[in-house]
Amino acid sequence: MSEAAGGGATSKKFLYVNRKAPYGTIYALESLEVVLIGAAFEQDVSLAFIDDGVFQLSKGQSTDAIGVKNFSPTYRALGDYEVTKLYVEKESLDERGLTLDDLMDVTYEDEDDDYEEKPSIRVVSRSELADIMAGQDVILSF
Amino acid sequence: MAYSVNGATVEHDEEGYITDLSSWTKELADVIATEEKIDMNEEHWEIVNFLRDYYDEYQIAPAVRVLIKAIKKKWGKERGNNEYMYELFPYGPAKQACKIAGLPKPTGCV
Amino acid sequence: MSILHTVNKSPFEKNALSSCLGHTKSGDGVLLIEDAVYGALKGTKSSDQVEAAKSTVGLYVLGPDLAARGLAADRLLDGVTVVDYGGFVDLVAKYDTTQAWL
């Protein structure tokens, strides 16, 4: 097993797989909370958004009228938690009539590159995501 | 359970975090700080205001590690370190400062 | 007898919307709420079936659930009517009965 980039010898590669739309069920919020808690353990964490999970990153979410918390701004804090890889599946976007432009801007500041802001969202194909999954130590599904 | 501010009461949970985030005022922050045995000075306020801005933008109270990193970026490493932050907030910068700032307990703190 | 059908599941995850549309009669209404509001979007893999239904049934979508999910009106199929909570109540009153496709 290869050592994870940026982590120590004990660092494992964690992938959180998000497949549900926000608000209709609690999965999206639960996943985000587990990611934030898990980030304290300084593992090599990535997030995947497939199927309806891609809707979690839609821009312009406004929940005032349904009386639940809008947690979409919290995805933009993930960079502070050193979670900088958000893989979004292209096929899932296509099936839903979405493009990268429909998603929020999520960036992180690269400490090794003079705090340069870089995009966290990476659109990948289904087969690329299969490879990413194959390279993980732990996969958590929501 | 409630704090008393200028004759009004503000509900809090069993750990002292207020339950209605919109009921926060600077006067309330002073009341909570007094209960926490903290004498608020300019430096305390800067951290509290920073936390409130962070919550406003991201809808979470940052974990202590994240907070210290952010303080370091903003004010330099003489402030962005554990020793300084624990000097200001002896029972934990994220926990105590978040409580005074009227935010929920930081995600990841138990 | 006219029926107002309500659907609350994403059409990409469950077949509730598809099954519902297959069981509607002319003069019925279909109201999309919660995660079913994605069924009102144009240009998706479920759009054709919803598009085909609108000649016989009234199609409605709940505005607050659209807003929560960041979906603007220009993303919706033509002919879908956006309603608020008051409009939801009016629809329930307008049709003879209501059936929820859970």
Side-chain angles (χ1 to χ4, degrees), chain A residues 17-32 48-76 86 88-106 121 126 129 141-142, chain C residues 6-18 20 31-52 59-89 100-102:
Chain A
V17 178
N18 298 284
R19 294 188 51 249
K20 302 283 201 291
Y23 311 118
T25 62
I26 197 73
Y27 289 94
L29 177 57
E30 291 283 317
S31 172
L32 188 53
F49 297 86
I50 63 175
D51 300 335
D52 277 354
V54 298
F55 286 129
Q56 293 177 25
L57 299 173
S58 287
K59 52 166 83 140
Q61 298 177 37
S62 169
T63 59
D64 295 348
I66 63 168
V68 301
K69 179 169 163 166
N70 176 7
F71 53 85
S72 66
T74 306
Y75 293 101
R76 293 190 290 104
L86 275 56
V88 177
E89 188 181 86
K90 174 140 194 332
E91 287 84 344
S92 296
L93 289 174
D94 291 345
E95 287 164 3
R96 288 159 183 78
L98 299 173
T99 67
L100 186 58
D101 284 344
D102 296 309
L103 306 184
M104 296 183 286
D105 285 325
V106 182
I121 293 180
R126 193 160 282 167
L129 200 50
S141 196
F142 289 89
Chain C
T6 65
V7 182
N8 73 340
K9 300 293 190 298
S10 164
F12 311 114
E13 193 182 21
K14 296 273 174 16
N15 71 352
L17 177 58
S18 174
C20 165
L31 171 61
L32 306 175
I33 62 173
E34 299 173 23
D35 283 347
V37 298
Y38 296 117
L41 295 179
K42 60 185 169 195
T44 78
K45 65 175 180 178
S46 87
S47 299
D48 285 350
Q49 194 189 9
V50 180
E51 183 84 33
L59 290 172
Y60 309 93
V61 61
L62 194 60
D65 283 329
L66 285 174
R69 291 161 181 77
L71 307 176
D74 62 357
R75 308 258 302 267
L76 304 182
L77 288 164
D78 291 337
V80 175
T81 305
V82 179
V83 298
D84 59 13
Y85 289 114
F88 190 158
V89 175
W101 294 75
L102 299 177

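Model, not experiment: these values are computed from the prediction.
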| Partner chain A: residue of C:Ala72, C:Ala68, C:Gly70 with the largest heavy-atom pair count (under 4.5 Å) | C:Ala68
| Atom of A:Pro22, atom of C:Tyr38 and distance for their closest heavy-atom approach | CD-OH, 3.6 Å
| query | Hey, what do you get for CG (C:Leu71) to NZ (A:Lys59), rounding to the nearest 0.5 Å? | reply | 13.0 Å
| task | Check the pair A:Leu98, C:Arg75 against side-chain contact (heavy atoms from CB on, under 4.5 Å), reporting the backbone distance first and the verdict last. | result | CA-CA 10 Å; A:Leu98 299 173; C:Arg75 308 258 302 267; 2.9 Å; yes
| task | Heavy atoms only: give me the nearest A:Arg96-C:Leu41 pair and the separation to one decimal. | result | O-CD1, 4.4 Å
| Spatial distance of atom CG (A:Asp94) from atom OG1 (C:Thr44) [nearest 0.5 Å] | 12.0 Å
| message | Let's test your reading of the structure: which of A:Ser62, A:Gly60, A:Ala21 forms the most heavy-atom pairs below 4.5 Å with chain C? | response | A:Ser62
| query | Can you name the nearest heavy-atom pair linking A:Gly24 to C:Arg69, along with the distance? | reply | N-NH2, 3.4 Å
| request: Give, as side chain, backbone, both or neither, the part of A:Asp64 having an atom under 4.5 angstrom from any heavy atom of chain C. | output: neither
| request: Determine the minimum heavy-atom distance between C:Asp35 and A:Thr25, stating which atoms define it. | output: OD2-N, 4.1 Å
| message | Strictly less than 4.5 Å between heavy atoms, which residues of residues 48-57 of chain A line up against chain C? Please order them by number. | response | A:Asp52, A:Phe55
